[in-house]
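First up is the structure itself, then whatever we jot down about it.
All residue numbers refer to positions in the sequence shown, counting from 1. Small disclaimer: the values here were computed from a predicted structure and weren't measured.
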Amino acid sequence: MTNPPPDFTTARPEDLDDLHDLLNGLFLGGFDAESWTIERTLLEPERTLLARDGGELVASATAYTRDLTVPGARVPAAHVSMVGVAPTHRRQGLLTRMMGRQLREVRDAGREPVAVLWASEGRIYPRFGYGLAAPRLTVDCETTELRLPDPTPAEGRLRVARPAACRADLERVYDRVRPERPGWSGRDERWWGYVLGDPASQRGGATELRAVLHHGPDGVDGYALFRTRSEWNEAGPQGQVTVHEVVAATPAGYRALWRMLLSVDLTRRLTWRGAALDEPLLRLVNEPRRLGARLVDGLWLRVVDVPAALAARRYATAVDVVLDITDDLLPENTGRWRLTGGPDDATCVPTDAPADLACDVRSLGELYLGGTGLVALAATGRVEERRPGALAAAGPAFGWHRAPAGMEIF
């Protein structure tokens, strides 16, 4: 006689210690006690799915209630995290059931037309309709090999501070820059606490987190969050700078911040994991190949409500196109939808008209933030042109003037 499959429930306060133990094991110590103290402040128990088998917690998934910058707008987005299944219960369908239930709950609630996540392994989530919406670049370079243009008097001044002491300035700059960058998420007081939280266990032997602020003519207009690690060998100092965020509202501020980060005393290397594909740094340094930039996956996006999601964002040029969408997990999305819109507004309604283009919901997720070219996706065979010329006509509309970027891993 086989045991019945574990059922899912929402979390209760008494479940949190077990959830901590499960996650700390699944993510190889990434949820140590100090980190968990911060994570608990973010947790929404009513949005946290758990599965127990004989009293043992064996699977979890949660979602945070936040908004997301998309081309020309902000939309509510389920920020999915803490997804995992105990190694003793893999390949029993738990993950499939859990992700399906979570998507169904998001859809039925009717508040969030999209969901987003960071994937520990990129091959997992496409089967649930998530598309890679915001790839990123990692930078790993020898700073002695790089130079930026010489400073000008307009570049203002820099100031290093503890992040907690300048948090109000950080918030103002982030809120000023965020509307222009698809893929950035809203940060309330709890989320700023998470971003600036600095567990010693997560520093990898480096210093505590530091902030450097750029003061321009109108006040603080840029900041960077970074830490340093001391290293020496027979040739002398070989220290490293690890950059966490660079947010600048002006070109002068951006240049000044990077000039400092690339020239910290006693350091010879710099790493950064959050560069956008259109990062200005690549066009500022004297030898871009020395940045060691490498393309990796970043933010994954799942369209939960096709008409609501497509109507919520804006489009770079006028568009009038009929899309034939397939969605195996949320059948309400399957069908033909007429999208009309442009830079100022958009509508998306069901239609019986012949389709111009056809794709699955995963492909729609890749297109949604404007970072994936429609024609490029069609070249993979995942977008089908049903009406000749539809790709060329609609392609520019789905792009955006800034590449999407997922800077903050949640």
Run the side chain to side chain contact (heavy atoms under 4.5 Å, CB included) check on V116 and Y64 step by step: do they pass? CA-CA 10 Å; V116 290; Y64 304 119; over 6 Å; no
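- Between A211 and C166, the shortest heavy-atom distance links the atoms CB-SG, 3.9 Å.
- With respect to R66 and D188, no salt bridge is recorded, no charged nitrogen being found less than 4.0 Å from a carboxylate O.
- Annotation: D328, atom CG; neighbour count of heavy atoms from other residues, nucleotides and ligands within 6.0 Å does not exceed 12.
- Looking at heavy atoms from C-beta onward, L225 lies in side-chain contact with V195 at the 4.5 angstrom threshold.
- The shortest heavy-atom contact between G298 and L132 is N-CD1, 3.5 Å.
- Residue T48 is tested with T9, T62, D15 for a side-chain hydrogen bond (donor to acceptor under 3.5 Å, both in side chains); the sole match is T62.
- Listed for the E145 side chain is no donor-acceptor partner under 3.5 Å among the backbone atoms of E142.
- Ring-plane geometry between W191 and Y194 is classed as perpendicular, the angle between the planes exceeding 60 degrees on a 0 to 90 degree scale with a lower cut at 30.
- Side-chain N or O atoms of E34 include one that pairs as donor or acceptor with a backbone N or O of A200 at under 3.5 Å.
- Using modelled atom types, no side-chain atom of D67 and backbone atom of R74 make a donor-acceptor pair closer than 3.5 Å.
- Residues L19 and F31 are not in side-chain contact: their nearest non-hydrogen atoms beyond the backbone lie 4.5 Å or more apart.
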Step-by-step side chain to side chain donor-acceptor pair (under 3.5 Å) determination, T334 to D327: CA-CA 5 Å; T334 296; D327 187 341; 5.8 Å; no
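- No hydrogens or angles considered: a donor-acceptor pair under 3.5 Å links the side chains of T347 and T340.
- Using a 4.0 Å cut-off between a side-chain N of Lys or Arg and a carboxylate O of Asp or Glu, R362 and D360 do not qualify as a salt bridge.
- No more than 12 heavy atoms of other residues, nucleotides or ligands sit less than 6.0 Å from atom CZ of R111.
- The side-chain heavy atoms of V322 and P354, taken from C-beta on, include no pair separated by under 4.5 Å.
- Cation-pi check for R172 over Y174 is not met; the charged atom does not lie both under 6.0 angstrom from the ring centroid and within 45 degrees of its normal.
- Using a 4.5 Å heavy-atom cutoff, the side chains of R313 and V75 are not in contact.
- Using modelled atom types and a 3.5 Å distance limit, the side chains of D32 and Q202 yield a donor-acceptor pair.
- Side-chain contact annotation: S363 with R382, donor-acceptor N/O pair under 3.5 Å present.
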Under the salt bridge (Lys or Arg N to Asp or Glu O under 4.0 Å) criterion, do D18 and R52 qualify, and how do the steps go? CA-CA 10 Å; D18 288 346; R52 289 186 180 273; 3.0 Å; yes
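- Under the ring-ring contact (aromatic ring centres under 6.0 Å, His included) rule, Y315 has a single partner from W400, F398, Y368, which is F398.
- For R97, the CZ atom is densely surrounded, since the number of other residues' heavy atoms within 6.0 Å is greater than 12.
- Using a 4.0 Å cut-off between charged nitrogen and carboxylate oxygen, R107 and E105 do not count as a salt-bridge pair.
- Shortest non-hydrogen contact noted between R227 and E208 is NH1-C, 3.6 Å.
- Environment of CZ in R162: sparse, with no more than 12 heavy atoms of neighbouring residues, nucleotides or ligands closer than 6.0 Å.
- Checked options T144, D140, T143; the residue passing with R269 is D140 (criterion: side-chain hydrogen bond (donor to acceptor under 3.5 Å, both in side chains)).
- Geometric assessment of R302 against the ring of Y125 yields a negative cation-pi assignment under the 6.0 Å and 45° thresholds.
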Kindly determine whether R314 and D344 satisfy side chain to side chain contact (heavy atoms under 4.5 Å, CB included), including the steps that lead there. CA-CA 6 Å; R314 299 296 171 254; D344 298 320; 5.7 Å; no
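- Under the 4.5 Å side-chain criterion, counting only non-hydrogen atoms from C-beta, V106 is in contact with R47.
- Side-chain contact between V285 and R290: absent, with no pair of heavy atoms (C-beta onward) separated by less than 4.5 Å.
- The 12-atom threshold is not exceeded at CG of D265, counting heavy atoms of other residues, nucleotides or ligands nearer than 6.0 Å.
- Without hydrogens or angle criteria, S60 side chain to V83 main chain gives no donor-acceptor distance under 3.5 Å.
- Heavy atoms from other residues, nucleotides or ligands lying under 6.0 Å from CZ of R268 number more than 12.
- In the displayed structure, R104 atom CZ is contacted under 6.0 Å by more than 12 heavy atoms of other residues, nucleotides or ligands.
- Side-chain contact between V321 and L323: present, with at least one pair of heavy atoms (C-beta onward) separated by less than 4.5 Å.
- No donor-acceptor pair closer than 3.5 Å links the side chain of T96 to the backbone N or O of G93.
- A donor-acceptor pair is defined here as one N or O able to donate and one able to accept, closer than 3.5 Å; such a pair exists between the side chain of H79 and the backbone of A77.
- H401 and E180 share a donor-acceptor pair across their side chains, judged by distance under 3.5 Å alone.
- R336 contributes a side-chain N or O that, together with a main-chain N or O of A353, makes up a donor-acceptor pair within less than 3.5 Å.
- Taking the side chain as every heavy atom from C-beta outward, R259 and Y254 never approach each other to under 4.5 Å.
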List the steps and the verdict of side chain to side chain contact (heavy atoms under 4.5 Å, CB included) for W184 and V247. CA-CA 11 Å; W184 286 11; V247 180; 4.0 Å; yes
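- Environment of CD in E189: sparse, with no more than 12 heavy atoms of neighbouring residues, nucleotides or ligands closer than 6.0 Å.
- Pairing each heavy atom of A405 with each of R181, the nearest pair is CB-CD, 3.9 Å.
- A salt bridge is defined here as a Lys NZ or Arg NE, NH1 or NH2 lying under 4.0 Å from an Asp or Glu carboxylate O, and R159 with D169 meets this definition.
- Side-chain atoms of R178 and T69 form a donor-acceptor pair, as typed in the model, at a separation below 3.5 Å.
- Checked options H244, R203, R210; the residue passing with D198 is R203 (criterion: side-chain hydrogen bond (donor to acceptor under 3.5 Å, both in side chains)).
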Can L137 and V296 be said to form a side chain to side chain contact (heavy atoms under 4.5 Å, CB included), step by step? CA-CA 6 Å; L137 297 173; V296 296; over 6 Å; no
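- Between R187 and E245 there is a salt bridge, since a side-chain N of the basic residue sits under 4.0 Å from a carboxylate O of the acidic one.
- Taking every heavy atom of both residues into account, W300 and A119 meet most closely at NE1-CB, 3.7 Å.
- Within the 3.5 Å criterion, the main-chain N or O of D320 finds no donor-acceptor partner in the side chain of R338.
- A donor-acceptor pair under 3.5 Å is formed between the side chain of E385 and the backbone N or O of A390.
- Under the 3.5 Å distance criterion, the side-chain polar atoms of N333 are matched with a main-chain donor or acceptor of V304.
- Comment: D324 engages R386 in a salt bridge, judged by a side-chain N to carboxylate O separation of less than 4.0 angstrom.
- Neither side chain, E408 nor S185, offers a donor N or O lying under 3.5 Å from an acceptor on the other.
- The nearest pair of heavy atoms linking P76 to P113 is O-CD, 3.3 Å.
- Remark: the E366 side chain and the Y130 side chain contain no N/O donor-acceptor pair separated by less than 3.5 Å.
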